[in-house]
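These figures come from a predicted structure and were not determined experimentally.
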Amino acid sequence: MALITPLLAFLYHLPLVYKWLLKPYYVASIFMSAAFLAVRKTPGVCDHLDTQREDGNPCDFDWREVEILMFLSAIVMMKNRRAITVEQHVGNIILFSKVANVILFFRLDIRMGLLYLTLCIVFLMICKPPLYMGPEYIKYFSDKTIDDELDKDSRVTWIVEFFANWSPECQSFASVYADLSLKYNCAGLKFGKVDIGRYGEVSKKYKVSASPLSKQLPSLVLFQGGKEVMRRPQVDKKGRAVSWSFTEENIIREFNLNELYQKSKKLNKTKGDKVSQYQFPPVPEEDESEQQGAPAEALESESKKDK
């Protein structure tokens, strides 16, 4: 049963996976990941390659290449244990496949290794993974708006993601964060994002390092009354980020989103009552209007008598 459920879920989402994988970035990445396999197995090309096989067959892997590929598989399995989205799983496979291709090409021919490494660098510079473009209830801050929004209403709780567009972890987390915003956003609980790769001053002020080696991207920070209450991942005394998995379940549990959402509903109702009072003023009753009109009639009759 433990194997059937994930299989059924994969088959259910298979059309979406195909549509996602057919994007130009992933099509090119898959071809580059399978480059060495194509060169080693293509007739007419593999015949001219060197090999260390005992049978001298240049169109099949030798024992060293098999070892490299098995080592690659072990690393991918270890990395994917912490992956939380399909994008992260595929991204790990593509990344380590390219690393293995570089090693294999350099071992085969230094000229082929240099050519493949150059292609990888060019691809990295000109091609970026597609950004999440789905529905979300998220407000994007700049260095000039984040402080004003956090201090605007002390009753509103903010969950802010500090991210960078170049970070694969942030790109993979985008769909998870968007889904949380759709489920929990209300008048008293709001979700925001700020790109610290673009706004360096925000990075310094809120002490979120944008360095790829810091492992602080993405960072989620909970603000109440404009002040930070908690953040994930935590940072130790030496400034190093404590390892933490950005799954939806972990975020809901650590940030008490269910409890925050229930409390925030009350703020939503009070705001709605105030709006309704302003939009629909009370109408005076008939008795009061008659009482208000009586003195006016008496004054008119008195004025006539005086005349």
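Note on Met70: it clusters hydrophobically with Val102, by side-chain heavy-atom contacts below 4.5 Å among ILVMFWY residues.
Between Ser97 and Leu72, the shortest heavy-atom contact is N-CD1, 3.7 Å. In terms of heavy atoms, Ser219 sits closest to Pro233 at OG-CD, 3.8 Å. Contact record, Arg40 with Glu65: NH2-OE2, 2.5 Å, taken as the closest heavy-atom pair. Closest non-hydrogen pair, Ala164 versus Leu217, comes out as CB-CD1, 3.9 Å. Closest of all the heavy-atom pairs between Val242 and Asp236 is CG2-N, 4.5 Å. Of all heavy-atom pairs spanning Tyr206 and Ile146, the tightest one is CE1-CD1, 4.0 Å.
Thr157 contributes no side-chain N or O that, together with a main-chain N or O of Gln224, makes up a donor-acceptor pair within less than 3.5 Å. Remark: the backbone N or O of Leu260 is not paired with any side-chain donor or acceptor of Asn256 at under 3.5 angstrom. Ser73 places a side-chain N or O within 3.5 Å of a backbone atom of Leu69 that can act as its donor or acceptor partner. Judged by distance alone, the side chain of Asn250 and the main-chain N or O of Phe246 form no donor-acceptor pair under 3.5 Å. Looking only at distances, a side-chain donor or acceptor of Asn101 sits under 3.5 Å from a matching main-chain atom of Ser33.
Ring centroids of Phe191 and Tyr137 are separated by 6.0 Å or more, keeping the two rings apart.
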Are Lys205 and Glu201 close enough, and set up right, to give a salt bridge (charged side-chain N to carboxylate O under 4.0 Å, His left out), and what steps lead you there?
-> CA-CA 6 Å; Lys205 181 175 181 178; Glu201 294 299 324; over 6 Å; no
Give the intermediate values and the outcome of side-chain contact (heavy atoms from CB on, under 4.5 Å) for residues Phe223 and Lys227.
-> CA-CA 5 Å; Phe223 293 94; Lys227 297 181 179 179; 5.8 Å; no
For the pair Leu180 and Ile252, evaluate side-chain contact (heavy atoms from CB on, under 4.5 Å) and give the outcome as yes or no after the intermediate values.
-> CA-CA 9 Å; Leu180 288 171; Ile252 293 173; 3.9 Å; yes
Evaluate the criterion side-chain contact (heavy atoms from CB on, under 4.5 Å) for residue pair Phe162 and Val221; output intermediate values, then yes/no.
-> CA-CA 8 Å; Phe162 295 83; Val221 182; 3.5 Å; yes
Residue pair Phe71, Ile68: steps toward the side-chain contact (heavy atoms from CB on, under 4.5 Å) verdict | CA-CA 5 Å; Phe71 184 67; Ile68 294 173; 5.7 Å; no
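Remark: Lys183 engages Glu248 in a salt bridge, criterion side-chain N to carboxylate O under 4.0 Å. Ion pair Asp60/Lys41 flagged as a salt bridge, since at least one NZ, NE, NH1 or NH2 atom sits closer than 4.0 Å to an Asp/Glu carboxylate oxygen.
Here CD of Glu254 is found 9.5 Å from OG1 of Thr247. Values are rounded to the nearest 0.5 Å. The structure places OG of Ser181 at 10.5 Å from CD of Glu161, a figure rounded to the nearest 0.5 Å. Note that the NZ atom of Lys152 and the CG atom of Asp147 stand 14.0 Å from one another [nearest 0.5 Å]. Here the straight-line distance linking atom CZ of Arg231 with atom CZ of Phe255 works out to 10.0 Å at 0.5 Å rounding. Taking OG of Ser245 as the start and CZ of Arg232 as the end, the distance is 12.5 Å to the nearest 0.5 Å. Taking CG of Asp153 as the reference point, atom CZ of Arg155 lies at 4.5 Å (rounded to 0.5 Å).
The cationic atom of Lys190 (NZ for Lys, CZ for Arg) does not lie both less than 6.0 Å from the six-membered ring centre of Tyr184 and within 45° of the ring axis. A cation-pi arrangement, defined by a distance under 6.0 Å to the six-membered ring centre and an angle within 45 degrees of its axis, is absent between Lys193 and Phe141.
Checked by atom type, the side-chain pair Glu169/Ser167 shows a donor-acceptor distance below 3.5 Å. A donor and an acceptor atom, one from each side chain of Asp148 and Thr145, are nowhere located under 3.5 Å apart.
Taking the six-membered ring where the residue is Trp, Phe61 and Phe36 present parallel rings, their angle staying beneath 30° rather than reaching 60°.
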Please tabulate, for side-chain N and O atoms in residues 103-126, each donor-acceptor pair with protein atoms closer than 3.5 Å (sequence neighbours left out).
| unit_1 | atom_1 | unit_2 | atom_2 | d |
| --- | --- | --- | --- | --- |
| Arg107 | NH1 | Asp62 | OD2 | 3.3 |
| Arg107 | NH2 | Gln52 | OE1 | 3.1 |
| Asp109 | OD1 | Arg111 | N | 3.0 |
| Asp109 | OD1 | Arg111 | NE | 3.4 |
| Asp109 | OD2 | Arg111 | NH2 | 3.1 |
| Tyr116 | OH | Met32 | O | 2.7 |
| Thr118 | OG1 | Leu114 | O | 2.8 |

